[in-house]
Amino acid sequence: SLSDNSATLLVSDLPSNQPGLFFYGPNEVNVPFGDGNRCVGGGLTRLNPAIFADPAGDAQRDLDFTVIPLSSASAGDTIRIQCWYRDPAAQLSGFNLSDALSVVLCP
C-alpha cells in the first residue's frame with residue numbers, strides 16, 4: 001500500500017556477504033543476462049543504496065514511496081522487481097539475478 005509506505009523487499013539464497021542491487025521496471029521480459037535471465041524490462045530504475053547479503057545469504061531493502069524514484073509511483077501501477085548480485089562462483093560472468101516479482105501498487 002502506497003499510503004502505508006511500509007514495504008520491504010527480501011531476497012535469499014545469495015552468495016554470503018556479496019553486494020547486490022534491486023531494480024524495477026514496467027515490463028516483463030525474458031532476456032539472458034549474466035548467469036541468469038533478466039525478467040524486468042522497459043525503463044529500468046535501480047534502487048540505491050546497494051544491499052549486502054548476510055552470512056546466510058539473505059538481504060532486504062525497505063521501500064520508501066515518499067522519495068525519488070518511487071515517489072512517482074501511483075496506485076494501480078504494476079512494477080516488476082528483481083535483484084542483481086555478485087556471484088564469484090558463477091559459471092561465466094561473476095553475477096546473477098534473483099527471481100522477479102510483479103507487484104500491483106495499492107492506494
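Judged by distance alone, with hydrogens and angles left aside, the side-chain atoms of Arg80 form a donor-acceptor pair with the main-chain N or O of Pro26 at under 3.5 Å. For the pair Ser71 (side chain) and Thr66 (backbone), a donor-acceptor distance under 3.5 Å is absent.
Residues passing the ring-ring contact (aromatic ring centres under 6.0 Å, His included) test with Phe23: none are found, sequence neighbours excluded.
When all heavy atoms of Gly42 and Asn27 are compared, the closest pair comes out as CA-ND2, 3.4 Å. Listed here is the closest heavy atom pair of Pro107 and Ser3: O-OG, 3.4 Å. Across every non-hydrogen atom of Ser16 and Gly57, the tightest pair is OG-N, 4.4 Å. Taking all atoms of both residues into account, the shortest heavy-atom contact from Ser72 to Asp77 is O-OD2, 4.4 Å. The nearest pair of heavy atoms linking Arg46 to Pro69 is O-CG, 4.3 Å. When all heavy atoms are compared, the tightest approach of Val104 to Gly76 is CG1-O, 4.2 Å.
In this structure, Ser102 and Glu28 have side chains that are not in contact, with every pair of non-hydrogen atoms separated by 4.5 Å or more. Looking at Val29 and Cys39, their side chains never come closer than 4.5 Å, going by heavy atoms from C-beta outward.
Put simply, CZ on Arg38 and CG on Leu44 are 5.5 Å apart, with the number rounded to the nearest 0.5 Å.
Other residues, nucleotides and ligands contribute over 12 non-hydrogen atoms within 6.0 Å of the CG atom of Leu10.
In summary, the side chains of Asn17 and Asp54 do not present any donor paired with an acceptor at a separation below 3.5 Å, with no hydrogens or angles considered.
Taking Ile, Leu, Val, Met, Phe, Trp and Tyr as hydrophobic and joining them when side-chain heavy atoms fall under 4.5 Å apart, one finds Ile51 in a cluster with Leu2, Leu9, Val11, Leu14, Phe22, Tyr24, Leu47, Leu63, Phe65, Leu70, Ile79, Ile81, Tyr85, Leu101, Val103, Leu105.
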